[in-house]
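Reviewing the structure listed below.
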Amino acid sequence: MTTSDVALICKALGDPNRLGIVRMLSDGEKCGCRLLERFDITQPTLSHHMKILVECDLVNDRKEGKWHYYSLNNKTISMFIEYIDNLNSFEDKFRG
């Protein structure tokens, strides 16, 4: 995972609605209609948020009929967590 990838993810998660969406998806795939019920936003605004989350590869998008289903991309999340964890070891090198 590159620094640019991490920066895009951090930017995406910097919005409270997107962070809430990721949290909601943490317990499994959800239809866009379910996400919309949870947030006080319009459908176009949800689409905008989902586009950002999908583009930075945090979220997978699957279309079934007229509905979009979203789930977390566990591979990207694992790589992001590993990157953040490595920052801790990087910091330790400069403390000592």
Side-chain angles (χ1 to χ4, degrees):
M1 176 164 280
T2 68
T3 303
S4 295
D5 295 332
V6 172
L8 283 174
I9 290 170
C10 289
K11 185 176 179 181
L13 294 176
D15 180 276
N17 285 318
R18 289 192 288 269
L19 190 55
I21 289 166
V22 168
R23 185 175 179 99
M24 193 170 169
L25 292 175
S26 69
D27 67 351
E29 182 180 70
K30 303 278 184 300
C31 176
C33 58
R34 295 291 169 244
L35 297 171
L36 202 52
E37 291 171 357
R38 167 74 165 60
F39 298 93
D40 188 26
I41 56 176
T42 64
Q43 192 281 322
T45 300
L46 176 65
S47 292
H48 170 74
H49 288 310
M50 298 316 296
K51 180 180 181 207
I52 291 169
L53 292 170
V54 169
E55 284 179 350
C56 73
D57 218 20
L58 267 180
V59 171
N60 299 313
D61 178 14
R62 175 177 72 81
K63 190 170 183 180
E64 189 173 303
K66 66 177 184 170
W67 304 109
H68 283 262
Y69 291 85
Y70 299 99
S71 61
L72 293 181
N73 183 334
N74 292 324
K75 181 180 177 186
T76 298
I77 290 175
S78 293
M79 290 177 3
F80 179 70
I81 290 169
E82 182 179 333
Y83 187 96
I84 298 301
D85 282 345
N86 285 332
L87 290 177
N88 218 6
S89 64
F90 179 76
E91 180 184 331
D92 290 343
K93 289 178 188 177
F94 290 98
R95 274 194 208 166

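Computed from heavy atoms alone, side chains included, the values below leave out hydrogens, waters and symmetry copies.
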- Message: Quick check on Asp27: does its CG atom have over 12 non-hydrogen neighbours (other residues, nucleotides or ligands) under 6.0 Å away?
- Response: yes
- Between Met24 and Phe39 the two heavy atoms that sit nearest each other are SD-CE1, 4.0 Å
- In this structure, CG of Asn73 is separated from CG of Asn60 (nearest 0.5 Å) by 4.5 Å
- Query: Are any side-chain N or O atoms of Asp5 and backbone N or O atoms of Thr2, one a donor and one an acceptor, separated by less than 3.5 Å?
  - Reply: yes
- Is there side-chain contact between Arg62 and Glu29, with at least one heavy-atom pair below 4.5 Å? yes
- Query: Can you name the closest pair of heavy atoms from Ala12 and Ile52 and give their distance?
  - Reply: CB-CG2, 3.8 Å
- At what distance, to the nearest 0.5 angstrom, does CD1 of Ile77 lie from OG of Ser26? 8.5 Å
- Task: Would you name the heavy atoms of Asp57 and Thr76 that are closest together and state the gap between them?
- Result: O-OG1, 3.0 Å
- Any chance you could measure Met50, atom CE, to Leu58, atom CG, to the nearest 0.5 Å? 10.0 Å
- Message: Do His49 and Asp15 make a side-chain contact, defined as non-hydrogen atoms from C-beta onward lying under 4.5 Å apart?
- Response: yes
- Item | For Cys56 against Leu8, the heavy-atom pair lying closest together | CB-CB, 4.2 Å
- In Å, rounded to the nearest 0.5 Å, how long is the span from CG of Leu36 to CZ of Arg38? 12.5 Å
- Measure the spacing between CE of Met1 and CD1 of Ile81 and express it to the nearest 0.5 Å. 10.0 Å
- Query: Side chains of Ser47 and Gln43: is there a donor and an acceptor less than 3.5 Å apart?
  - Reply: yes
- Note on the structure: Students should find that the hydrophobic cluster of Tyr69, defined by side-chain heavy atoms under 4.5 Å apart, otherwise consists of Trp67
- Message: Quick one, Ile21 and Val59 - any side-chain contact, counting heavy atoms below 4.5 Å?
- Response: no
- Query: Is Lys66 reaching over with its side chain to a backbone N or O of Glu64, donor-acceptor style, under 3.5 angstrom?
  - Reply: no
- Query: For the residue pair Gly65 and Lys63, what are the closest heavy atoms and their distance?
  - Reply: O-CE, 3.1 Å
- Query: Does the side chain of His48 reach to within under 4.5 Å of the side chain of Ile41, using non-hydrogen atoms?
  - Reply: no
- Side chains of Leu25 and Leu35 in contact at under 4.5 Å (non-hydrogen atoms): yes
